[in-house]
Amino acid sequence: MWVRAKEKMQITASQPDLIITQSVQQGSMWLAFHEPEVNPDLPWRLNHKHLNVRMREDKFRELFEEKRV
């Protein structure tokens with residue numbers, strides 16, 4: 001399903017020798033896939049251009065809303 005970012009945010013992932021950040025603009029469109037069978041702890045996969053992000057259910061509901069087509 002298509003979802004829209006509710007607000008501007010910064011997504012950051014890090015390891016000891018690497019930091020990756022992505023700025024998400026309010027209203028930006030993402031494709032969302034609910035895949036609890038792939039990762040039960042992070043059931044939502046979001047795709048935006050070449051970026052894939054996994055997140056918890058509560059975080060997904062906090063940051064994104066469904067875009068009705």
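Along the sequence shown, residues are numbered consecutively beginning with 1. Treat the numbers as computed from the prediction; the structure is a model and nothing was measured.
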Could you tell me which non-hydrogen atom of R54 sits nearest to which non-hydrogen atom of V38, and how far apart they are? NH2-CG1, 3.3 Å
Where do F64 and W30 come nearest, in terms of heavy atoms and distance? CE2-CD1, 3.6 Å
How far apart are the C-alpha atoms of K67 and V3, what are their side-chain angles, what is the distance that settles it, and do they pass the side chain to side chain contact (heavy atoms under 4.5 Å, CB included) test? CA-CA 5 Å; K67 165 74 169 120; V3 294; 5.8 Å; no
Here the pair of heavy atoms bringing A5 nearest to M9 is CB-CE, 4.0 Å
Quick one: CZ on R68 to CE on M1, what's the gap to the nearest 0.5 Å? 9.0 Å
Looking only at non-hydrogen atoms, find the nearest pair between D41 and R56 and report the distance. O-CG, 3.6 Å
For the NZ atom of K59 and the CD atom of E57, what is their distance to the nearest 0.5 Å? 13.5 Å
Steps toward side chain to side chain contact (heavy atoms under 4.5 Å, CB included) verdict (F60, L46): CA-CA 9 Å; F60 173 77; L46 293 115; 3.8 Å; yes
Would you find a donor on one side and an acceptor on the other, under 3.5 Å apart, between the side chain of H48 and the backbone of M29? yes
If two hydrophobic side chains count as joined below 4.5 Å and joins carry through other members, does V53 share a cluster with L31? no
Could you tell me the separation between the CD1 atom of I11 and the CG atom of L51, rounded to the nearest 0.5 Å? 6.5 Å
Using 0.5 Å steps for rounding, measure from the CE atom of M55 to the CZ atom of R45. 12.5 Å
E65/K6 ion pair, N-O < 4.0 Å: no
OG1 of T12 to CD1 of I19, rounded to nearest 0.5 Å, is 8.0 Å
All heavy atoms of Q26 vs all of K8, minimum pair found to be CB-N, 3.7 Å
